[in-house]
2 protein chains.
Amino acid sequence: MIRKSTEIRQAQIKKAVLDIISEEGLHSISSRNVAKRVGITDGAIFRHFKSKPAILKSIMDDVKSGLLADLRAIASDDGNPESRLYRFLSTNIKYLMQNRGIAILLYSEAAHLNYKELRNQLHSVLSEQKSLISKIIRDGMKGGNWKKSVNIDDAAILYMGILIIFNVKLFMAGKDVAVDNYCKRMFNLMEEVLK
Amino acid sequence: MIRKSTEIRQAQIKKAVLDIISEEGLHSISSRNVAKRVGITDGAIFRHFKSKPAILKSIMDDVKSGLLADLRAIASDDGNPESRLYRFLSTNIKYLMQNRGIAILLYSEAAHLNYKELRNQLHSVLSEQKSLISKIIRDGMKGGNWKKSVNIDDAAILYMGILIIFNVKLFMAGKDVAVDNYCKRMFNLMEEVLK
DNA sequence: TTACGCAGTAAGCATTTACTTACTTAAGGT
DNA sequence: ACCTTAAGTAAGTAAATGCTTACTGCGTAA
């Protein structure tokens, strides 16, 4: 019986949850299953998190301070809009590729979860993503890089569609999705619409 | 205690399942919950369907003989590709609008369900949809309506993205999504890419 | 009028779930 | 070396799950 601090265990528990989601699906994140992966009993889980939704909430907080912080930085940096769009897209896609559990949480299942507060958090993550990409597009139109006739909201929808479809591809194709290739093709698709 | 035939009860049970999915989410379709909506006890459910997955399978069969049959007809009728694309899209979208439980099943949750056979059926519905839209696009390229430089697969992905995003909008916006408007805007978006 | 098939019920099955409780013991500061 | 703190366990809980069982009684065809 090796003992570890709550801080370490919380990280292990969150990792176990995400691994299970990507390997077995959301329905498999039971206390017992998670505990087994961490190497403790299910009772111990509740020493480190007060409830199961609290684990998921903590994961969403990580997304906010990780991915969203990066995206925020890109959306407002001093590159030109094309460059920002491309980096935004590929940062986003690569994050989803490397954090498949989170991808599933964000884009397929969490929306229909039981936990109300979690759903709100999901909402806010998605809508911030959308407003960041809208900003880049708006900048590009203002700067004359792209035509102004396209509805910004439609273009943002297209962007979200690209993310979701990537998630579906990940799910169906397994490990090996050609990320760089996908990013380039989808960047071109967006430019096709915007130019 | 009113008695009804198995045929009628099966239809009622399927309707109850879809209503529950759209109102409460997939996690709520327990035997007891479904039975309550139908107005019978949970034991009676298993007189009309041999198992819970069998209910979902029967629903997928309905989708195949309903929506998919309509889409197949449109993809091969004698209208021009632009007209077929528009009617294909709006038939598809309107069906999802009017069958929200099925929309959720198809585009968000079922992919991660436990039941293997159901997942296969889902797969086949989605990939037939994709191959039908690919046919329309190919016809339009052959006929000179659209340029041939666009990757057909990318365009089909875009189409699927439009459907999925519609599903997300449905989920977030509640009842009132402007269907006709959405269809027109997304049709234009696709033409923007294809022309 | 009787008898039988089939839709229904109520109760209970084994299992799983999230979570709690009573207790034990490892570990670190003093 | 001791002693407090907190990480851990084992064994429970109540509720929910899918499904089965033993039985009841309606309606139709003989």
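Chain letters run A, B, ... following the sequence lines, proteins first and then strands; every chain starts at 1. Computed from a prediction, not measured in an experiment: that's the story for all the values here.
Annotation: side chain to side chain contact (heavy atoms under 4.5 Å, CB included) contacts of B/I152 (sequence neighbours excluded): B/S134, B/I137, B/R138, B/M141. Take B/S58 and apply the side-chain hydrogen bond (donor to acceptor under 3.5 Å, both in side chains) test, not counting sequence neighbours, and it matches B/K14. In this structure, the side chain to side chain contact (heavy atoms under 4.5 Å, CB included) partners of B/E23, at least two apart in sequence or on a different chain, are B/D19, B/R37.
Tested against B/I13, the residues B/V38, B/I8, B/T6, B/L18 include a single side chain to side chain contact (heavy atoms under 4.5 Å, CB included) partner, B/V38.
Note on B/H48: every side-chain N or O is 4.0 Å or more away from OP1 and OP2 of C/dC6.
DNA chain C lies under 4.0 Å from at least one heavy atom of each of the following residues of residues 6-18 of chain B: B/T6, B/R9.
Using a 4.0 Å heavy-atom distance criterion, A/I2 is classed as a sugar-phosphate-only contact.
As rounded to whole Å, 13 Å separates atom P of C/dG28 from atom NZ of A/K4. Here the C1' atom of nucleotide C/dT16 and the NZ atom of A/K36 are 14 Å apart, to the nearest Å.
Other residues, nucleotides and ligands contribute at most 12 non-hydrogen atoms within 6.0 Å of the CD atom of B/E7.
Applying the salt bridge (charged side-chain N to carboxylate O under 4.0 Å, His left out) test to residues at least two apart or on different chains, the pairs with a partner in residues 139-150 of chain A are A/R84-A/D139, A/K135-A/D139, A/K147-B/E192.
Counting only heavy atoms from C-beta outward, the side chains of B/K4 and B/Q12 approach each other to under 4.5 Å.
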Produce a footprint string for nucleotides 11-24 of chain D: one letter per nucleotide, 5' end first; B if the base is under 4.0 Å from any protein heavy atom, S if only the sugar-phosphate is, - if neither.
------BBBB----
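Between B/Y107 and B/F166, the gap from one ring centroid to the other reaches at least 6.0 Å.
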